[in-house]
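Report on the structure given below.
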Amino acid sequence: MAEQGAGAGGSPGWGGGGLRHRWHGAPPWWNRPDGDVSRPSWPWRSTLALTVFVLLGSNAAADMQEGERALLDPFARVLLLLGTLMLLWRWRRPVVVVFGTAATAMVYLGAGYPYGPVFLTVAVGCFSAVVTGHRKAAWTAMGALWAGHVLVAHWLYVWLPPGGDDAASWVALPFATGVFLVDGVARQGGGALLTLVWVLPLGLLATLPLGAVIGSLVDSPRAVGLLMFPVLGLVVISGVYFPLSKLPEWLQTVGQIFPVYWLGLGLRSALLPGEAVAAEIDASWRHWETAAVLGAWTVAGLLLAPSVLRRMARRESGAAMAERQRKAMQRVG
């Protein structure tokens with residue numbers, strides 16, 4: 001009876017509703033014996049895939065930014081490899097990993113190496129820290145990376161590679177006020193600001209319902225982690241890291257089906273100088289096509305998302321729903 005009470009009443013036992021691991025109903029990994037199979041497994045498959053993606057993607061980004069950023073040398077590749085290998089410990093030491101990936105990315109950027117998939121290691125480290133309950137550590141690491149980037153972009157760039165770099169006037173200001181001071185927006189005048197006014201809300205309306213539908217189909221943070229791979233693949237073929245016009249035609253077609261490309265195209269048309277349009281497909285910003293595709297995704301998402309969410313809610317038992325709410329409140333608290 002005492003054992004049953006301990007298990008069901010949530011006192012010292014782990015079998016009931018007391019101290020449970022927030023995702024799997026087991027003791028937290030730091031309080032389990034070394035031989036316990038419920039300890040987090042090493043995510044070597046996803047880490048290997050991330051390593052390959054970051055290294056190859058950084059090579060592509062370096063080709064696109066040749067003459068603008070420093071060339072990738074052995075030290076840069078060591079930094080990229082170090083950042084991805086740290087992700088092996090992201091479920092066991094999430095705080096160490098999120099600060100480690102942020103520090104590695106800061107050194108990489110400070111050395112003047114190309115922008116690109118290096119940010120992916122930081123994003124994965126931050127995600128792992130958040131879902132394991134270390135939100136303050138995640139936000140602190142992100143804040144430190146942002147502050148370091150501001151420091152490099154405004155003051156230290158004079159002494160750091162690449163040579164001849166200018167201060168980046170946009171990184172230190174919040175978007176809401178900085179948009180008026182961004183060099184591209186200021187140079188293009190009210191037309192650029194008007195583009196931002198309609199592209200941003202329409203882009204959010206086109207993508208948020210899709211995210212809600214995808215989120216309703218998963219029930220654990222690791223499943224969300226697996227979904228990151230197709231999403232990242234979609235980002236790669238959406239003109240975010242390099243112009244879509246550089247890819248094969250069939251990949252250009254796939255990229256243009258989804259709203260990510262059109263949202264990025266609209267933002268580039270507002271923030272980049274006019275001559276940058278030469279790198280786009282058909283050398284055009286295609287505002288009408290952007291509005292049409294984002295509008296179509298918005299309508300489809302607003303029609304589809306409510307029905308999918310209602311169907312998923314019907315499959316949830318009352319007890320399961322209450323348990324999800326309890327876990328959500330614990331994460332908020």
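Everything numeric in this text was worked out from a predicted model, so none of it was measured.
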Determine whether Leu244 and Val254 fall in the same hydrophobic cluster, where Ile, Leu, Val, Met, Phe, Trp and Tyr are linked whenever their side-chain heavy atoms lie under 4.5 Å apart.
-> yes
Nearest non-hydrogen partners of Ala102 and Ala141, listed with the distance = CB-O, 4.0 Å
State yes or no: do Leu210 and Val293 share one hydrophobic cluster built from I, L, V, M, F, W and Y residues joined by side-chain heavy-atom distances below 4.5 Å, directly or via other members?
-> yes
Is any side-chain heavy atom of Thr140 less than 4.5 Å from a side-chain heavy atom of Phe99?
-> yes
Please determine if Arg69 forms a cation-pi arrangement with Tyr115, meaning its NZ or CZ atom is less than 6.0 Å from the six-membered ring centre and no more than 45° off the ring axis.
-> yes
Are Thr47 and Arg90 linked by a side-chain donor-acceptor pair shorter than 3.5 Å?
-> yes
Determine whether Phe53 and Met86 fall in the same hydrophobic cluster, where Ile, Leu, Val, Met, Phe, Trp and Tyr are linked whenever their side-chain heavy atoms lie under 4.5 Å apart.
-> no
Please check if the distance between the ring centroids of Trp42 and Trp89 is under 6.0 Å.
-> yes
Spell out, yes or no, whether Leu87 and Trp44 are grouped together once hydrophobic residues are joined by side-chain heavy atoms under 4.5 Å, including indirect joins.
-> yes
Closest heavy-atom pair and its distance - Thr101, Gly83 = CG2-O, 3.6 Å
Any chance you could lay out the side chain to side chain contact (heavy atoms under 4.5 Å, CB included) test for Trp139 and Val130, step after step, and finish with the verdict?
-> CA-CA 9 Å; Trp139 307 144; Val130 169; 3.9 Å; yes
Going by heavy atoms in the side chains, are Leu251 and Pro248 under 4.5 Å from each other?
-> yes
Nearest heavy-atom neighbours spanning Gly203 and Leu263 | CA-CD1, 3.8 Å
At what distance, to the nearest 0.5 angstrom, does OH of Tyr108 lie from OG1 of Thr121?
-> 10.0 Å
Is the backbone N or O of Leu265 less than 3.5 Å from a side-chain atom of Glu280, with the two atoms forming a donor-acceptor pair by type?
-> no
Between the main-chain N or O of Ala279 and the side-chain N or O of Ser245, is there a donor-acceptor pair closer than 3.5 Å?
-> yes
Applying side chain to side chain contact (heavy atoms under 4.5 Å, CB included) between Ile281 and each of Glu249, Gln252, Glu289, report the one that passes.
-> Gln252
Distance (rounded to the nearest 0.5 Å) between Thr104 OG1 and Leu81 CG = 10.5 Å
Leu48 atom CG, neighbour heavy-atom count above 12 within 6.0 Å | yes
Sub-3.5 Å donor-acceptor pair from the side chain of Arg268 to the main-chain atoms of Gly239, do we have one?
-> yes
Measuring from Thr290:OG1 to Leu267:CG, what's the distance to the nearest 0.5 Å?
-> 10.0 Å
Heavy atoms of Cys126 and Ala138 approach each other most closely as SG-CB, 3.7 Å
Could you state the interatomic distance from CD1 (Ile237) to CG (Leu234), rounded to the nearest 0.5 Å?
-> 5.5 Å
Between Ser269 (side chain) and Gly266 (backbone), is there a donor-acceptor pair under 3.5 Å?
-> yes
Between Leu72 and Arg77, is any pair of side-chain heavy atoms under 4.5 Å apart?
-> yes
Sidechain-backbone polar pair: Trp262 side chain, Gln256 backbone, donor-acceptor under 3.5 Å = yes
Which distance, rounded to the nearest 0.5 Å, do you find between the CG of Leu55 and the CG of Leu50?
-> 10.5 Å
Check: Asp73 side chain, Phe75 main-chain N or O, donor-acceptor pair, under 3.5 Å | yes
Correct closest heavy-atom pair for Ser238 and Tyr261 would be O-CD1, 3.4 Å
Would you confirm whether Trp297, through its side chain, and Ile257, through its main-chain N or O, come within 3.5 Å as a donor-acceptor pair?
-> yes
Nearest non-hydrogen partners of Trp91 and Pro43, listed with the distance = CD1-CG, 3.9 Å
Interatomic distance, His287 atom NE2 to Trp198 atom CH2 [nearest 0.5 angstrom] = 5.5 Å
Going only through I, L, V, M, F, W and Y residues with side-chain contacts under 4.5 Å, is there a path from Phe127 to Val96?
-> no
Is any side-chain heavy atom of Val118 closer than 4.5 Å to a side-chain heavy atom of Val54?
-> no
